[in-house]
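One structure below.
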Amino acid sequence: MQPRRRRLVPPRDPATLLPSLAAAPSQSRLREIHAHLLVSGRLASYSYLAAVIASLASSKHLSYARLLLPQRPATLFVHNSLIRALARGPRPHLTFAAFRELPFAPDHNSFTSLVRAATSLAAAASVKPVPPDVGVDLLAGSVHAAALRHGHAAYPHVQSGAVSMYAAVGDVRAVRAAFADIASPDMVCVTAMLGALSAGGDVVSARKLFDGMPQRDHVAWSAMITGYVHAGRSREALGLFDEMQKAGAAVSEATLVSVLTACAQMGTLERGMWVHSYVRSCRMRLSATLGTALLDMYSKCGFVSMAMQVFEIISDKSIYTWTSALSGLAMNGMGKECLDLFKRMEDAKVQPNAVTFVAVLRGCSMAGLVDEGRTCFDSMKHKHGVDPWPKHYGCMVDLYGRAGRLDDAVDFIHAMPVEPHEGVWAALLNASRIHNRVELGKYAMDKLMVMESKNCPAHVLLSNIYANSQNWKGVSRVRDVMKAKGVTKVPGCSAIEVYGMVHEFFVGSKSHPRYSEIETMLAEMNHRLRLQGYAANTKEVLFDIEEEEKESAISLHSEKLALAFGLITLPEGTAIRIMKNLRVCKDCHDYTKLISKVFDREIVMRDRNRFHHFKHGGCSCRDYW
DNA sequence: GTAGGGTTAG
């Protein structure tokens, strides 16, 4: 077959070329476009040249952009365009090189971009080391100092940029100082500041600032919603979103991303699906960011098939998209699928980062794929050049430990090139609990104690190990230690969404308005289960109490209350979805399995670590958690 | 024709 010849038709409007440049064209297409620009004489126009350079720099053709620069005696504006594009692009450290090579004295616009570059670098530094090997805090300080030296630090854009920059490096004092320097902050500055405050963990001050704003646009609303999401207060985030819509503020893509994150956090599938249909009805394009937030919401609501459907239709998948999909498969126990997807990612030549490997290793560990996990861990550094984090070592110990290969887990710990951190010992402790290795559990706990750990789940784990071996002295010792160290126990809470409303249940709480119905249902559940020969597993109750009392304490675990409520309110044939803030205990797990059989219901339960999909008396985790 | 809000893990 004859290869089709491409026609060289110059586009009528030069502006139509810019999007195709930013979309990272192939080399040959790029040369074609360049030829058009030269022939049509458009590269002679400064503003157009600047736009072209900016588009090129933000795509994958940085060197090409640089090539264009000396073609004309470029103005400061053209150089600033390049710097701006670099600062917003995927490799912000290149901004500094371009800044140093400026053939002009930098102006306030140059510094606006430089501050932005430092901000992006600081944000990226948590995932990968920053290329110019310098601490991001030092970088922020010196960028600010340079702006002062050149007399541009008082420019409003530099000022509000500095607020965000110091927030990104986590320097709360510098944030406050930078904000105090601004004589009369406008809406944009205040929004930057409220974002900075909530990023620093102070949503309360952020909210005060927000309430005091004379006017708020959609960015200000979004920033506040995001603040709540990052604080883990997703209920308030969703409430604020409702207010935002009542106030008539425009809903942007960024807003929806935050709202979806809130839905994911709470596990409110119905509201999440509402956002999805909103996106569709507005005919919004599913960008990588929006699509990823959507896919993540579906996985965190236990709706994996839908998550994967969304994944497939995202056309420009980012590293976040891939990682989120992998993590979704991992937490739903689909280790095999997770590895397959990782292979696809490698084939697609997408570079995995450290977070990606956390997801894949967790996938292996959830599904008991020990050898595959080991291979993956080894490939991290050798094949992909990703240095392992403490967490990756923890995943490996978990992988060996869960599978019952405790000796391998211990060998692995001893062979670690870095000092084992808390998570490693906690993983060993958990494995000891699963496989009833009391001595090994004590050993792991001793290590944790030395670290002055206030890790509450670890203490509870050790207590469970003691309880399993009827060692009530050990149990009460753990309790005393917890008291002495001030380890606070988070109360167990299960949430269930019914017709758009989220109902929360705590252990033994009777405060729900429909509690009497719940009580009746609980009695019926227990009755029907007993007919099936179910006896409560009371071993894991934290304290040594009389057998009868124990049973009633267990029967009031929050997940059972939520389950009863779901059985009352949700029509037959609909899955019951429960979100628990802590791990499901063994008894509740067995109990739920039986309920799924006796009541012929699909039950999806999300706990702190993963999902359990109960059906016909079995669970997707194959009791392996 | 230059600012502020957004996605993965924990």
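Chain A is the first sequence line, chain B the second, and so forth, proteins listed ahead of strands; every chain is numbered from 1.
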Query raised in the report: Got a sec? Which of residues 194-214 of chain A come in under 4.0 Å of DNA chain B, heavy atoms?
Result: none
**Report entry** Verdict with reasoning, His384(A) to Glu346(A), per side chain to side chain contact (heavy atoms under 4.5 Å, CB included)
**Finding:** CA-CA 10 Å; His384(A) 298 101; Glu346(A) 281 182 308; 3.0 Å; yes
Requested in this report: Would you say whether Tyr320(A) stacks on dT8(B)? The test is a distance between ring centres of less than 5.5 Å and an angle between planes of less than 30°.
Outcome: no
Query raised in the report: Phe77(A) on top of dG1(B)'s base, within under 5.5 Å and under 30°?
Result: yes
Taking only N and O in the side chain of [X], is any of them less than 4.0 Å away from OP1 or OP2 of [N]?
X	N	result
Arg88(A)	dT2(B)	no
Ser327(A)	dA9(B)	yes
Lys300(A)	dT7(B)	no
His392(A)	dG10(B)	no
Arg362(A)	dG10(B)	yes
Arg84(A)	dA3(B)	yes
Arg116(A)	dG4(B)	yes

Requested in this report: Remember a base hit wins even if backbone is also touched, and classify Trp322(A) as base, sugar-phosphate or nothing at under 4.0 Å, heavy atoms.
Outcome: nothing
Requested in this report: Tell me, please, which residues at least two apart from Asp296(A) pass side chain to side chain donor-acceptor pair (under 3.5 Å).
Outcome: Lys300(A), Ser324(A)
Polar contact flag, side-chain donor to acceptor under 3.5 angstrom, [X]-[Y]:
X	Y	result
Ser110(A)	Asp107(A)	yes
Thr255(A)	Ser258(A)	no
Ser287(A)	Glu253(A)	yes

[X] has an atom [atom1]; how far is it from atom [atom2] of [N], in whole Å?
X	N	atom1	atom2	value
Leu114(A)	dT2(B)	CG	P	18 Å
Lys391(A)	dA9(B)	NZ	C1'	5 Å
Met297(A)	dT8(B)	CE	P	13 Å
Trp389(A)	dT8(B)	CH2	P	13 Å
Leu286(A)	dT7(B)	CG	P	16 Å
Tyr155(A)	dG4(B)	OH	P	12 Å
Met345(A)	dT8(B)	CE	C1'	10 Å
Leu294(A)	dT8(B)	CG	P	13 Å

Report task. Would you sort out whether Phe99(A) and Phe111(A) count as a ring-ring contact (aromatic ring centres under 6.0 Å, His included), showing the intermediate values? Result -> CA-CA 9 Å; Phe99(A) 179 79; Phe111(A) 279 104; 5.5 Å; yes
Requested in this report: Would you kindly check whether a donor in the side chain of Asn109(A) faces an acceptor in the base of dG1(B), or vice versa, at under 3.5 angstrom?
Outcome: no
Query - Ser252(A) (side chain) and dG5(B) (base): donor-acceptor pair under 3.5 Å - result: yes
Requested in this report: Quick one: list whatever passes side chain to side chain contact (heavy atoms under 4.5 Å, CB included) with Asp347(A), sequence neighbours left out.
Outcome: Lys343(A)
Requested in this report: Have a look at Phe357(A) and tell me which of Phe342(A), Trp389(A), Trp322(A) forms a ring pair (Phe, Tyr, Trp, His ring centres under 6.0 Å) with it.
Outcome: Phe342(A)
Query raised in the report: Which one, dA9(B), dA3(B), dT8(B), comes nearest to the side chain of Val188(A)?
Result: dA3(B)
Report task. Measure from the side chain of Ala223(A), starting at C-beta and using heavy atoms only, and say which of dG4(B), dG6(B), dG5(B) lies closest. Result -> dG5(B)
